[in-house]
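What you are looking at is a predicted structure, and each value in this text was computed from that prediction instead of being measured. The figures that follow rest on heavy atoms only: side chains count, while hydrogens, waters and symmetry mates do not. In what follows, chains are A, B, ... by sequence order, proteins preceding strands, each numbered from 1.
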Number of protein chains: 2
Amino acid sequence: MLSKKTKYGLKALAYLGNQKNRKPVQISEIAEHENISQKFLESILLSLRKSGFLSSKKGKGGGYYLLKDPDQIYMTDVMRVLEGPIAMVPCVSLNFYESCDDCPDERTCSVHKLMLQVRDSALAVYRNNTLQDILCNQPKDEK
Amino acid sequence: MLSKKTKYGLKALAYLGNQKNRKPVQISEIAEHENISQKFLESILLSLRKSGFLSSKKGKGGGYYLLKDPDQIYMTDVMRVLEGPIAMVPCVSLNFYESCDDCPDERTCSVHKLMLQVRDSALAVYRNNTLQDILCNQPKDEK
DNA sequence: TGAAAACTCTACTAGATAAGTAGGGTAATA
DNA sequence: TATTACCCTACTTATCTAGTAGAGTTTTCA
């Protein structure tokens with residue numbers, strides 16, 4: 001299952017991506033618009049900021065804004081920060097590899113064989129989508 | 001993450017699939033060979049039996065055995081029984097659909113848009129794999 | 001027949017994780 | 001300089017996972 005953290009994080013990113021300009025948007029505005037607990041959203045935006053997707057401005061008129069254009073923000077990176085490993089088992093993870101302590105040989109492991117394919121297919125989707133691709137306001141000037 | 005239940009269930013199915021004949025195999029044998037707690041495995045095999053993948057024989061010389069040939073056991077069905085919905089959010093689930101209470105419109109939801117693709121890609125993998133495909137002893141007579 | 005082998009079922013539990021809550025602190029801006 | 005709004009830590013509640021415990025039932029073989 002997708003965690004609420006990931007779900008809310010994606011929605012917040014999309015909300016920021018849908019802004020006409022890159023003026024800071026207050027947490028309270030995002031929280032209200034997307035039906036998210038404000039305090040919970042704070043912690044999520046914080047981790048997105050620490051990972052380099054967002055920046056923030058303090059004081060009156062402050063808030064969060066995207067650091068990059070939506071078409072430069074890949075879902076692969078977003079998902080790894082919000083949800084963690086893309087693989088369903090550590091023994092097929094690219095970035096978080098760990099061997100299974102109960103499995104004598106990965107090469108003959110049925111689970112490994114299946115999960116490797118699942119990981120590759122998920123990865124293909126995430127690599128093929130940027131934030132731009134999942135916005136509702138698609139730009140009119142398509143390439 | 002893949003639950004241990006699913007992992008063990010897949011391993012047990014693969015173990016049975018790798019048997020030369022379809023004689024019943026004892027729980028204890030599977031548990032020992034695959035490093036699984038016997039009691040936990042019991043409950044997993046029970047649910048696989050109730051779902052029609054396995055049958056069991058009681059008494060001396062009893063055990064579990066596959067009801068169908070490995071190439072007739074689809075991962076789509078196995079995963080749904082062991083792990084539950086294949087979709088990462090209920091609003092894109094084929095068999096366990098539920099609308100999100102916090103989302104005003106699925107058609108403009110970024111999360112929906114992305115997770116729909118993820119579901120489809122995972123589904124494609126599971127539909128394309130039977131138990132036969134993930135065994136280590138592939139039959140020599142390929143079609 | 002009867003005892004042992006082996007599955008069946010219910011109930012309980014420790015530990016981890018998710019999802020939030022609470023509340024004070026700090027920095028920036030009008 | 002007061003207000004706005006981000007920043008951070010600690011705590012809590014609920015749910016789920018991965019078992020554990022133990023008694024019960026059925027079947028088979030000697």
Side-chain angles (χ1 to χ4, degrees), chain A residues 1-12 16 23-51 53-67 81-85 88-90 96 100-102 111, chain B residues 1-12 16 23-51 53-67 81-85 88-90 96 100-102 111:
Chain A
M1 277 302 240
L2 199 72
S3 69
K4 297 268 182 189
K5 181 184 172 189
T6 304
K7 186 178 175 185
Y8 294 162
L10 285 173
K11 287 202 168 195
L16 292 174
K23 278 215 200 111
V25 179
Q26 295 167 37
I27 291 182
S28 60
E29 181 183 335
I30 306 177
E32 194 174 345
H33 201 272
E34 300 292 338
N35 294 306
I36 306 172
S37 141
Q38 177 160 341
K39 278 293 191 178
F40 191 29
L41 183 58
E42 265 189 35
S43 71
I44 297 168
L45 292 181
L46 201 60
S47 81
L48 285 172
R49 189 181 68 82
K50 285 182 178 162
S51 310
F53 297 105
L54 304 175
S55 190
S56 62
K57 199 165 167 255
K58 291 184 182 177
K60 203 165 190 176
Y64 278 96
Y65 56 94
L66 289 179
L67 265 183
V81 165
L82 291 172
E83 190 76 4
M88 292 181 80
V89 280
F96 303 84
C100 303
D101 42 356
D102 60 322
V111 177
Chain B
M1 277 299 245
L2 199 73
S3 69
K4 297 267 183 188
K5 181 184 172 190
T6 304
K7 186 179 174 185
Y8 294 163
L10 285 172
K11 287 200 169 198
L16 292 174
K23 278 215 201 108
V25 178
Q26 295 167 36
I27 292 181
S28 60
E29 180 184 335
I30 306 177
E32 193 175 346
H33 201 272
E34 300 293 339
N35 294 304
I36 306 172
S37 140
Q38 178 161 342
K39 278 293 193 178
F40 190 29
L41 182 58
E42 267 186 35
S43 70
I44 297 168
L45 293 180
L46 201 61
S47 81
L48 285 172
R49 189 181 69 83
K50 285 182 178 163
S51 310
F53 297 106
L54 303 176
S55 190
S56 63
K57 197 162 169 261
K58 291 184 182 177
K60 206 166 190 175
Y64 279 95
Y65 55 94
L66 290 178
L67 264 183
V81 165
L82 291 172
E83 189 76 5
M88 291 181 81
V89 280
F96 303 84
C100 303
D101 42 357
D102 60 324
V111 176

*Asks:* Using whole Å, what does the distance between atom P of nucleotide C/dC7 and atom CD of B/Glu29 come to?
*Replies:*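 B/Glu29 atom CD is separated from C/dC7 atom P by 11 Å.
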*Asks:* Using a heavy-atom cut-off of 4.0 Å across all strands, would you classify B/Lys50 as base, sugar-phosphate, or nothing?
*Replies:*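 Sugar-phosphate only.
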*Asks:* Any idea which of C/dT8, D/dC7, D/dA18 is nearest the B/Ser3 side chain?
*Replies:*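 Taking heavy atoms from C-beta onward, the closest nucleotide is D/dA18.
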*Asks:* Report yes or no: is there a donor-acceptor pair, N or O only, under 3.5 Å between the side chain of A/Glu42 and the base of D/dC7?
*Replies:*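 Side chain to base: pair present.
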*Asks:* Tell me the interatomic distance from A/Lys57, atom NZ, to C/dA28, atom P, rounded to whole angstroms.
*Replies:*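 Going from A/Lys57 (NZ) to C/dA28 (P), I get 11 Å.
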*Asks:* Specify the separation, in whole Å, of atom OH of B/Tyr64 and atom P of C/dA6.
*Replies:*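 Taking OH of B/Tyr64 and P of C/dA6, I get 13 Å after rounding.
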*Asks:* Does B/Leu66 reach the side chain of B/Phe53, with side-chain heavy atoms less than 4.5 Å apart?
*Replies:*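 Heavy-atom side-chain distance check fails, nothing below 4.5 Å.
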*Asks:* Take the protein atom CG of A/Leu54 and the nucleotide atom C1' of D/dC6, then report the distance between them rounded to whole Å.
*Replies:*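 Atom-to-atom, A/Leu54 to D/dC6, this comes out as 13 Å.
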*Asks:* Atom CD of B/Gln38 to atom P of C/dC7: distance rounded to whole Å?
*Replies:*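 Interatomic distance, CD of B/Gln38 to P of C/dC7: 8 Å.
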*Asks:* Give a yes or no on whether the backbone of A/Asn35 and the side-chain of B/Asp102 come within a donor-acceptor separation of less than 3.5 Å.
*Replies:*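 Side chain of B/Asp102 to backbone of A/Asn35, a donor-acceptor pair under 3.5 Å: no, none is there.
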*Asks:* Can you check the A/Leu41 CG to D/dC7 C1' distance for me, whole Å?
*Replies:*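 Interatomic distance, CG of A/Leu41 to C1' of D/dC7: 14 Å.
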*Asks:* When you check the phosphate oxygens OP1 and OP2 of C/dA18, does a side-chain N or O of A/Tyr8 lie under 4.0 Å from one of them?
*Replies:*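 No, no such contact exists.
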*Asks:* Select one nucleotide: of C/dT21, D/dA21, D/dC6, the one nearest the side-chain heavy atoms of A/Lys39.
*Replies:*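 Selected nucleotide: C/dT21.
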*Asks:* Of the non-hydrogen atoms in A/Tyr64 and A/Arg49, which two are nearest, and what is the gap between them?
*Replies:*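 So the minimum-distance heavy-atom pair works out to CE2-CD, 3.9 Å.
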*Asks:* Taking atom P of C/dA11 as reference, at what distance in whole Å does atom CG of B/Leu46 sit?
*Replies:*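 So the CG-P distance, B/Leu46 to C/dA11, works out to 15 Å.
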*Asks:* From the list C/dA19, D/dA18, D/dG19, which nucleotide is the closest neighbour of the side chain of A/Phe40?
*Replies:*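 Closest nucleotide to the A/Phe40 side chain: C/dA19.
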*Asks:* Can you identify which nucleotide, out of C/dC9, C/dA27, D/dC8, has its nearest atom closest to the B/Arg49 side chain?
*Replies:*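 Output: C/dC9.
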*Asks:* For a quick test of reading the model: is some side-chain N or O of A/Ser37 closer than 4.0 Å to OP1 or OP2 of C/dT21?
*Replies:*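 Affirmative; the distance criterion is met.
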*Asks:* OP1 or OP2 of C/dA6 less than 4.0 angstrom from a side-chain nitrogen or oxygen of B/Tyr65, does that happen here?
*Replies:*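 The answer is no; no side-chain N or O of B/Tyr65 sits under 4.0 Å from OP1 or OP2.
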*Asks:* Both A/Ser56 and A/Lys60 contact DNA chain D. Which one's nearest nucleotide lies toward the 5' end?
*Replies:*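 Checking each residue's closest nucleotide, the 5'-ward one belongs to A/Lys60.
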*Asks:* Which whole-number value in Å describes the distance from B/Asn35 CG to D/dA18 C1'?
*Replies:*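 For the pair B/Asn35 CG and D/dA18 C1', the rounded distance is 16 Å.
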*Asks:* Nearest to the side chain of A/Lys4, heavy atoms from C-beta on, is which of D/dA18, C/dA19, D/dC7?
*Replies:*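 The listed nucleotide nearest to A/Lys4's side chain is C/dA19.
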*Asks:* What is the nucleic acid contact for B/Leu45, judged by heavy atoms within less than 4.0 Å: base, sugar-phosphate only, or nothing?
*Replies:*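 Touches nothing.
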*Asks:* Please report the C-alpha distance between B/Leu82 and B/Ile44 in whole Å, then the side-chain angles of each, then the deciding distance to 0.1 Å, and finally whether the side-chain contact (heavy atoms from CB on, under 4.5 Å) criterion is met.
*Replies:* CA-CA 8 Å; B/Leu82 291 172; B/Ile44 297 168; 4.0 Å; yes
*Asks:* Is there side-chain contact between B/Pro85 and A/Met1, with at least one heavy-atom pair below 4.5 Å?
*Replies:*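 With C-beta onward as the side chain, the pair stays apart.
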